[in-house]
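The block underneath contains the structure these notes are about, expressed in structure tokens.
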Amino acid sequence: MSEYKSGSNLEKVLKAGHFAFTGECGPPTGANVEHLREKAGHLKGCVDAVNVTDNQTAVVRMSSWAASLILLQDGIEPNFQMVCRDRNRLAIQSDILGVSSHGIRNMLCLSGDHQKFGNHPEAKNVFDIDSTQLIYTVKTMRDEGKFLNGQDVDVPPKLFIGAASNPFAEPFDFRVHRLAKKIAAGADFIQTQCIYNMDRFRRFMKMAVDMGLHEKCYILAGVTPMKSVGMARYMGKSVPGMDVPDSLIKRLKGAGKGKVAEEGIKYALEQIEEFREMEGVAGVHLMAIEWEHKVPEIAERAGMLPRPVV
Amino acid sequence: MIVAEPKPVKEILEMVQDSKKVLTIGCKGCVTVCNVGGAKEVGVLASTIRIARKKLGIPIEVDEFLLERQCDPEYIDEVKEIIGQYDSVISIACGVGPQFLSERYPETRIFPGVNTQFMGGAVEHGVWSERCAGCGQCVIHLFGGVCPIARCSKSLLNGPCGGSDHGKCEISKDVDCVWDIIVRKMMEQDRMDELLEFKPPKSWTTARDGGPRKMIREELVK
Amino acid sequence: MKKVLPENVKVIQVPCTGRIEILHLLKPFEEGADGVYVAGCQGDSCQYMEGISKASKRVAHVKKVLQEIDIDPERIEVFELSASRGGRFVDVAYEMTERLEALGPIL
């Protein structure tokens, strides 16, 4: 269909005006196909697409394109991720052609956590291009049929281009402009960092809507249910760019022993409810990392099931 | 200037373990300014080696010398009469020094006594910070006079990334997020439109990625 | 109260401990000393304001250097004294010599 940029399920769902629901799955730290299939299997039918991370936190895992291919073979639509930390523009353009040729139709363009965080801190930094330039690269290859050097791509790739947005990093006022920059470079959809500070996010969305960004690009709000008080504290203190309000930590504490995870899910469900009504939000991206088996329950309780078929 | 840090003494002692007579050569250039390779440091290193070897019961003769610079052949020439008598030479100039000495005196074993790190300047007394990565295509004026190639951990040209945390880089609280600095500066200067301009991928051909570099001034070449 | 310095302590006078360079602290070890100590003003009443604090930093640096070459860093020390307390000046000398006797000679 020429009206679609890629024809991916996610694109179709969003274009048809449905509230999108995406999930996430991290590849294994080995060629452990069984484990990957099992994890991803929980998400099948519950989400419109599944993000497949790329050496997340600079820890070596099965490559995103390979894991994405396995998901595709299992009838699950992958959202292939690529970071700029590990590849130069030759490998990047080459992989873009590679994934597209295998039928992968969504691509999330990220900078990538610095290798200092990961398990190979001695590695060389690549960062030949940055995430905004990566968005531009995919767009140029797809819509103009050209490589970065201006030469023709003989068959352009078909990819729905995604990018990440962190509404909570400083300086706050600039964040919405950075988002606008990524959209101008060619982002078709955005997934935000997981949100806990709803107040701040509301302000961010208002700015985004005032700038008309929601009309140029589909914005999906990130949600990660808190499993424990420890997790809430850790995320607030140790994960860069994360804003966890004290009120949430208090609420989780108040839930009582053994009931914190349920409270965390309740909070997430309330968030999803509000996002459905929030102007400019086109969907939710649920990151239930290493909690994939909970996704069907959360999807059900959030009223996300069944997923639309377009 | 070029900023270096001293090599661990143990490493240097290992380098000269088979030597009985060593020359330590300092440099009055950059390494003097960052207090790792000047006259004082030559004296301290020489003394330290002597003390260490005395304790080990394997005495060593360590002589001391200071050159104006170790990156010009005229100055490297100054040690030509004396260098032959040494088993090895420790140069505490930046990485250029020991290499120039090696090229000029191929029969002598030359050891580097410092680890050369970056091009930068003093931000406070005793603290030097990286400012330039030598990319060969300076565009700091596009970023409010600040270099994102050298000072951003990811060398982003369209930064910041999502890891910027209260003005600090995700890699460490001791590292400023340079994009935070750039954005604030340019917003203050009312240059938002420049900030929002898409910066295309950089050509790294003029950087070290393009291969070892030479700079030639035609009008000076004989 | 002891009134005479131990025989094996050699005193080198300087106008201010701030003038002592790292090399001055290393040279005695080169010449065969088993230990070195710096005696200067107390931090809050340093005659030249920062002299003793500079000296302290340099002694700390030399401790690290000694450690790197497998010499006990306790062989160098800095003591802050009031200029008027002559008795303490002698006490400190004994403190250091006793410490070094316990450590034994370097060689």
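We name chains A, B, ... by the order of the sequence lines, and we start the count at 1 in each one. Every heavy atom of this structure was used, including side-chain atoms; hydrogens, water molecules and symmetry mates were not.
- Taking 4.5 Å as the limit, every side-chain heavy atom of K40(B) sits out of range of all side-chain heavy atoms of I22(C).
- In this structure, I69(C) CD1 and I12(B) CD1 are separated by 11.5 Å, a value rounded to the nearest 0.5 Å.
- Under the 3.5 Å distance criterion, the side-chain polar atoms of E30(C) are left unmatched by any main-chain donor or acceptor of I51(B).
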Check against side chain to side chain contact (heavy atoms under 4.5 Å, CB included), E31(C) and R50(B) | CA-CA 10 Å; E31(C) 306 293 316; R50(B) 290 184 207 115; over 6 Å; no
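- When all heavy atoms of L23(C) and S47(B) are compared, the pair lying nearest together is CD1-CB, 3.7 Å.
- The environment of K173(B) atom NZ is sparse: at most 12 non-hydrogen atoms of other residues, nucleotides or ligands sit within 6.0 angstrom.
- Side-chain contact between D70(C) and K10(B) is present, with heavy atoms from C-beta onward closer than 4.5 Å.
- Most heavy-atom pairs under 4.5 Å with chain C, from the set K54(B), R53(B), E41(B): that is K54(B).
- R104(B) CZ: more than 12 foreign heavy atoms inside a 6.0 Å radius.
- Minimum heavy-atom separation, V9(B) to E68(C): N-OE1, 3.0 Å.
- Within a 6.0 Å sphere centred on NZ of K63(C), heavy atoms belonging to other residues, nucleotides or ligands number more than 12.
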